[in-house]
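One structure, as structure tokens, below. Some questions next.
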Amino acid sequence: MSIALLLEFINTIQFMMKKDFVNKRIYPVLILALFIIIDSGCEQKQDDIFIWEISPDSETAIIQKEVEGIEFKFCLLNEQNEPTTVFNQDENFTFSFSFKNQMQDTVIVTTEFINSDFYRVYQAQTNIDMGKPWTGVFCLYLLGPREYVLSPLSERIQLNCPWVITDEDKPDYPLCASESKEYLPKGEYYTTIDLDFHFTKNGKKFIINNKIFKINFIIQ
């Protein structure tokens, strides 16, 4: 929620108090409730595009949303595999995007959602492109499946990819990396997933788009 909308909300409540529409005793409760909603994560809508955003001061470190029967999760993991948005310098971190079929029908998911900006990182103040940790898709899995078949209430499909690739930390299928990134310097960054999610159910194709997951994070 923007500052302008916040001020407009407060001014409206104050006006209603003057007109005796709102009991003065519940005014602090309304303001407290508003700040709790803001702090728990931000949801914005711009030109029919929904933006779900979290920051280091959010109550949660995971974006979790269900859209059209598909549950999505997006977060960053530290070296202990804990979701967080604050990392130490020279600490590796891992992108984690997952989805799960919550419907009673089998769905077939294709991989359009892995676009060129998937897991890309930007410097917050300057929007400098810091790159992404993977370099290709299916490059090591030429004979692997090119789609996911999700039965009703099936297990979650998870795509983890570390920023720094090591012998122990490698991208999940179908992502692959021919070279590793360097550790990020101290600073503020963000990463987004501009969802373009295609699936088929009972022979009918569905597309979930105009949904953006944004994580703001800090290297300290």
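Side chains included, hydrogens not; waters and symmetry mates left out as well; all remaining heavy atoms used.
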_Asp169 and Thr94, any side-chain heavy atoms less than 4.5 Å apart_ = no
*With a 4.5 Å heavy-atom cut-off, do Pro174 and Ile114 have their side chains touching?*
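The answer is yes; the side chains approach within 4.5 Å.
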*Residues in ring pair (Phe, Tyr, Trp, His ring centres under 6.0 Å) with Trp163, at least two apart?*
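Result, ring pair (Phe, Tyr, Trp, His ring centres under 6.0 Å) vs Trp163: Phe93.
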*Does Lys214 offer a backbone N or O that forms a donor-acceptor pair with the side chain of Glu53 under 3.5 Å?*
no
_Separation between CD1 of Ile215 and OG1 of Thr191, rounded to the nearest 0.5 Å_ =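 With rounding to 0.5 Å, CD1 (Ile215) is 7.0 Å from OG1 (Thr191).
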_Whichever hydrophobic residues join Ile108 through chains of side-chain contacts under 4.5 Å_ = Val149
*Once you round to the nearest 0.5 Å, how far does NZ of Lys73 lie from CD1 of Ile63?*
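Rounded to the nearest 0.5 Å, the NZ-CD1 separation comes to 13.0 Å.
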*asked:* Check whether Asn101 reaches the backbone of Ser154 with its side chain - one donor and one acceptor, N or O, closer than 3.5 Å.
replied: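 Here the side-chain-to-backbone pair does not exist.
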*Are side-chain heavy atoms of Tyr119 and Leu175 found at a separation under 4.5 Å?*
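In contact.
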*When rounded to the nearest 0.5 angstrom, what distance separates CG in Leu159 from CG in Asp172?*
6.0 Å
*Are any non-hydrogen side-chain atoms of Ile219 and Tyr183 less than 4.5 angstrom apart?*
no
*Which is it for Phe217 and Leu184 under the side chain to side chain contact (heavy atoms under 4.5 Å, CB included) test, yes or no, and what are the steps along the way?*
CA-CA 12 Å; Phe217 64 100; Leu184 289 173; 4.2 Å; yes
*asked:* So Ser96 and Gln158, do their side chains get closer than 4.5 Å, heavy atoms only?
replied: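 Yes, side chains in contact.
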_Please check this pair: side chain of Ser55 against backbone of Asp57, looking for a donor-acceptor N/O pair closer than 3.5 Å._
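No, because the side chain of Ser55 does not come within donor-acceptor range (under 3.5 Å) of the backbone of Asp57.
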With a 3.5 Å cut-off and sequence neighbours excluded, list the donor-acceptor pairs that the side chains of residues 196-208 form with protein atoms.
{"from": "Asp196", "atom 1": "OD1", "to": "His198", "atom 2": "NE2", "distance (Å)": "2.9"}

_Where at least one partner belongs to residues 149-158, residue pairs that pass salt bridge (charged side-chain N to carboxylate O under 4.0 Å, His left out), sequence neighbours excluded_ =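 Non-adjacent pairs meeting salt bridge (charged side-chain N to carboxylate O under 4.0 Å, His left out): Glu71-Arg156.
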*Using side chain to side chain donor-acceptor pair (under 3.5 Å) as the criterion, list what pairs up with Glu112, not counting sequence neighbours.*
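Residues passing side chain to side chain donor-acceptor pair (under 3.5 Å) with Glu112: Thr110.
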*If Ile, Leu, Val, Met, Phe, Trp and Tyr residues are connected whenever their side-chain heavy atoms lie under 4.5 Å apart, and connections chain through other members, are Val67 and Phe50 in the same group?*
yes
*Give a yes or no on whether Leu77 and Phe118 share a hydrophobic cluster (residues Ile, Leu, Val, Met, Phe, Trp, Tyr; joining criterion: side-chain heavy atoms under 4.5 Å apart).*
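No, no single cluster joins them.
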_Pairing donors with acceptors under 3.5 angstrom, does anything connect the side chains of Glu188 and Asn216?_
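No donor-acceptor contact under 3.5 Å links the two side chains.
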_Beyond-backbone contact of Ile193 with Lys211, side-chain heavy atoms, under 4.5 angstrom_ =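 No; the side chains remain at least 4.5 Å from each other.
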*Do the side chain of Thr60 and the main chain of Ile62 share a donor and acceptor less than 3.5 angstrom apart?*
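Yes.
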*Report the distance from atom CE of Met103 to atom OG of Ser151, rounding to the nearest 0.5 Å.*
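Separation between the atoms: 11.5 Å.
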*Please report the C-alpha distance between Thr192 and Asp117 in whole Å, then the side-chain angles of each, then the deciding distance to 0.1 Å, and finally whether the side chain to side chain contact (heavy atoms under 4.5 Å, CB included) criterion is met.*
CA-CA 8 Å; Thr192 63; Asp117 288 328; 5.8 Å; no
*Val121 reachable from Leu195 in the ILVMFWY side-chain graph, under 4.5 Å edges*: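 They do share one cluster, since a chain of ILVMFWY contacts under 4.5 Å joins Leu195 to Val121.
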*Taking C-beta and beyond as the side chain, do Pro83 and Leu76 meet within less than 4.5 Å on heavy atoms?*
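No, side chains not in contact.
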*Tell me, yes or no, whether the heavy-atom count around Glu179 atom CD, taken from other residues, nucleotides or ligands under 6.0 Å, exceeds 12.*
no
*Report yes or no: do Val137 and Ile165 belong to one cluster of Ile/Leu/Val/Met/Phe/Trp/Tyr joined by side chain heavy-atom distances under 4.5 Å?*
no
_I'd like to know if Met130 and Ile218 are part of one continuous hydrophobic network [Ile/Leu/Val/Met/Phe/Trp/Tyr, side-chain heavy atoms within less than 4.5 Å]._
no
_Other cluster members, Tyr190 - Ile/Leu/Val/Met/Phe/Trp/Tyr, side-chain contacts below 4.5 Å_ = Tyr122
*Could you state the interatomic distance from OG1 (Thr135) to NZ (Lys181), rounded to the nearest 0.5 Å?*
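Between atom OG1 of Thr135 and atom NZ of Lys181 there are 10.5 Å.
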*Among Phe113, Trp52, Phe95, ring-ring contact (aromatic ring centres under 6.0 Å, His included) partner for Phe213*: Trp52
*Run the side chain to side chain contact (heavy atoms under 4.5 Å, CB included) check on Val109 and Ile157 step by step: do they pass?*
CA-CA 10 Å; Val109 178; Ile157 301 297; over 6 Å; no
*Between Gln220 and Asn88, is any pair of side-chain heavy atoms under 4.5 Å apart?*
yes
_With side chain to side chain contact (heavy atoms under 4.5 Å, CB included) as the criterion, how do Tyr148 and Phe99 come out once you've worked through the C-alpha distance, each side chain's angles and the decisive distance to 0.1 Å?_
CA-CA 11 Å; Tyr148 300 96; Phe99 51 91; 3.9 Å; yes
*Step through the shown structure and confirm whether more than 12 heavy atoms of other residues, nucleotides or ligands are within 6.0 Å of CD on Glu182.*
no
*asked:* Below 30° counts as parallel, above 60° as perpendicular, anything between as tilted: where do the rings of Phe72 and Phe97 land?
replied: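 Parallel.
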*Kindly compute the distance separating NZ (Lys65) from CZ (Phe74), expressed to the nearest 0.5 Å.*
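Reported value, rounded in 0.5 Å steps: 15.0 Å.
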*Nearest heavy-atom pair of Cys161 and Pro133: which atoms, and what distance?*
SG-CG, 3.6 Å
